[in-house]
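One structure is given below, encoded as structure tokens.
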Amino acid sequence: MIVAGNWKMFDGPDPRALRAALGDLPHVVAPPYTRLRECVEAGLTTYAQNVHWENEGAFTGEISAPMLQSLGVTGAIVGHSERRLYFGETDLGVARRAHAALGAGLAVIACVGETWEQRESGDTETVLRVQVESVRDLCGTHDNLVIAYEPVWAIGTGKTATPDLAQDAHAFIKSLLDLPVLYGGSVKPDNAAELLAQPDVDGALVGGASLDIDSFVAICRAGS
Ligand code: PEP
């Protein structure tokens with residue numbers, strides 16, 4: 001069971017205080033780049049929020065797997081819906097990021113999920129299939145790869161998927177690619193246990209609630 005906190009473009013909590021509060025609880029944190037070193041030095045399991053497929057080059061604003069590894073970062077999120085929506089990231093680009101990161105030895109959380117319009121028009125499975133298969137075609141079932149199912153309509157909105165809806169989507173994703181699947185979308189201390197109790201929910205990717213130490217620790221505890 002993995003509970004990962006995506007701090008997005010927020011400074012986030014004090015890494016040492018978070019480390020102390022987590023005790024032995026399994027966790028991942030994905031802070032902004034400026035806090036990666038501090039999180040590693042505090043002893044947190046630290047992932048980046050993205051990673052490029054090349055090791056170096058003329059790719060302004062990007063960061064590579066070896067650069068992250070030189071800081072002690074052990075994994076990366078790829079394909080977050082905010083990257084897809086605001087920065088034009090494509091299925092192929094997301095798969096290339098995942099493939100390169102895995103090849104370099106990073107763990108990867110690859111995000112997929114449908115918008116509300118896609119769900120309403122009955123296209124959820126088609127969207128998930130295209131997103132998951134593009135990762136599958138390049139990466140296969142790698143030991144260091146997990147998928148995060150993050151319905152776009154549930155991210156940062158306070159609208160959480162029902163446990164049944166999450167379970168159905170996770171089972172569908174696993175039928176395409178047999179890997180652990182995390183749920184993401186307004187996970188909070190008061191809904192985490194029920195979501196994480198679903199048979200095909202293998203952890204959580206937490207945005208807003210990971211910025212608060214008590215909330216994040218409570219969700220990690222629900223997952224442990
Ligand atoms: C996320 O950023 O991946 C996320 C799920 O955000 P939130 O928990 O705030 O919905």
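What you see below is based on every heavy atom in this structure, not just the backbone, and it leaves out hydrogens, waters and symmetry mates. We number each residue from 1, following the sequence as shown.
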[atom2] on [Y] to [atom1] on [X], rounded to 0.5 Å:
X      : Y      : atom1 : atom2 : result
Gln49  : Asn6   : CD    : CG    : 4.5 Å
Leu22  : Ser224 : CG    : OG    : 10.5 Å
Leu128 : Leu176 : CG    : CG    : 8.0 Å
Met67  : Ser64  : CE    : OG    : 4.0 Å
Asp200 : Asp168 : CG    : CG    : 9.5 Å
Leu205 : Ile77  : CG    : CD1   : 5.0 Å

**OP:** Let me see the working for Lys174 and Asp202 under salt bridge (Lys or Arg N to Asp or Glu O under 4.0 Å), right down to the final yes or no.
**Re:** CA-CA 11 Å; Lys174 288 184 186 192; Asp202 305 307; 2.6 Å; yes
Do [X] and [Y] come within less than 4.5 Å of each other through their side chains, counting heavy atoms only?
X      : Y      : answer
Leu211 : Trp7   : yes
Arg37  : Val73  : no
Asn144 : Leu106 : no
Glu54  : Phe59  : yes
His27  : Leu25  : no
Leu68  : Ile63  : yes
Pro180 : Ile147 : no
Glu41  : Arg16  : yes

**OP:** Kindly indicate, with the supporting measurements, whether the criterion side chain to side chain contact (heavy atoms under 4.5 Å, CB included) is fulfilled by Val28 and Ile2.
**Re:** CA-CA 7 Å; Val28 166; Ile2 301 172; 4.0 Å; yes
Please tell me whether [X] and [Y] are part of a single hydrophobic cluster in this structure, the criterion being side-chain heavy atoms less than 4.5 Å apart.
X      : Y      : value
Val112 : Leu179 : yes
Phe216 : Val187 : yes
Leu44  : Leu36  : yes
Tyr149 : Leu177 : yes
Val132 : Val78  : yes

**OP:** Check the angle between the aromatic planes of Trp116 and Trp153 and answer parallel, tilted or perpendicular using the 30° and 60° thresholds.
**Re:** perpendicular
Provide the closest heavy-atom pair for [X] versus [Y] in the form atom of the first, atom of the second, distance.
X      : Y      : result
Cys139 : Leu145 : CB-CD2, 3.9 Å
Glu150 : Gly185 : OE2-N, 4.3 Å
Pro13  : Leu18  : CG-CD2, 4.3 Å
Ser186 : Ala154 : OG-O, 2.7 Å
Gly43  : Arg19  : O-NE, 2.9 Å
Ala148 : Ile109 : CB-CG2, 3.7 Å

For the pair [X] (side chain) and [Y] (backbone), establish whether a donor and an acceptor sit closer than 3.5 Å, ignoring hydrogens and angles.
X      : Y      : result
Asp137 : Ser134 : no
Asp212 : Ser215 : yes
Arg84  : Thr90  : no
Tyr183 : His170 : no

Decide, yes or no, whether a salt bridge links [X] with [Y] under the criterion of side-chain N to carboxylate O below 4.0 Å.
X      : Y      : result
Arg119 : Glu114 : yes
Arg97  : Glu89  : yes
Arg96  : Asp91  : no
Arg129 : Glu125 : no

**OP:** Pick out which of Leu195, Leu165, Asp190 makes a side chain to side chain contact (heavy atoms under 4.5 Å, CB included) with Thr160.
**Re:** Leu195
Subject >> Any donor-acceptor N or O pair under 3.5 Å, side chains Asp164, Thr162 >> reply: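 No.
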Original post:
Distance only, no hydrogens: is a donor on one side chain within 3.5 Å (strictly under) of an acceptor on the other, for Glu62 and Asn50?
Top reply: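 Glu62 vs Asn50: no donor-acceptor pair found between side chains.
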Original post:
If you draw a 6.0 Å radius around CZ in Phe10, do more than 12 non-hydrogen atoms from other residues or ligands fall strictly inside?
Top reply: no
Subject >> More than 12 heavy atoms of other groups within 6.0 Å of Glu194 CD >> reply: no
Subject >> Steps toward side chain to side chain contact (heavy atoms under 4.5 Å, CB included) verdict (Lys188, Asn191) >> reply: CA-CA 6 Å; Lys188 309 284 179 214; Asn191 61 23; 4.0 Å; yes
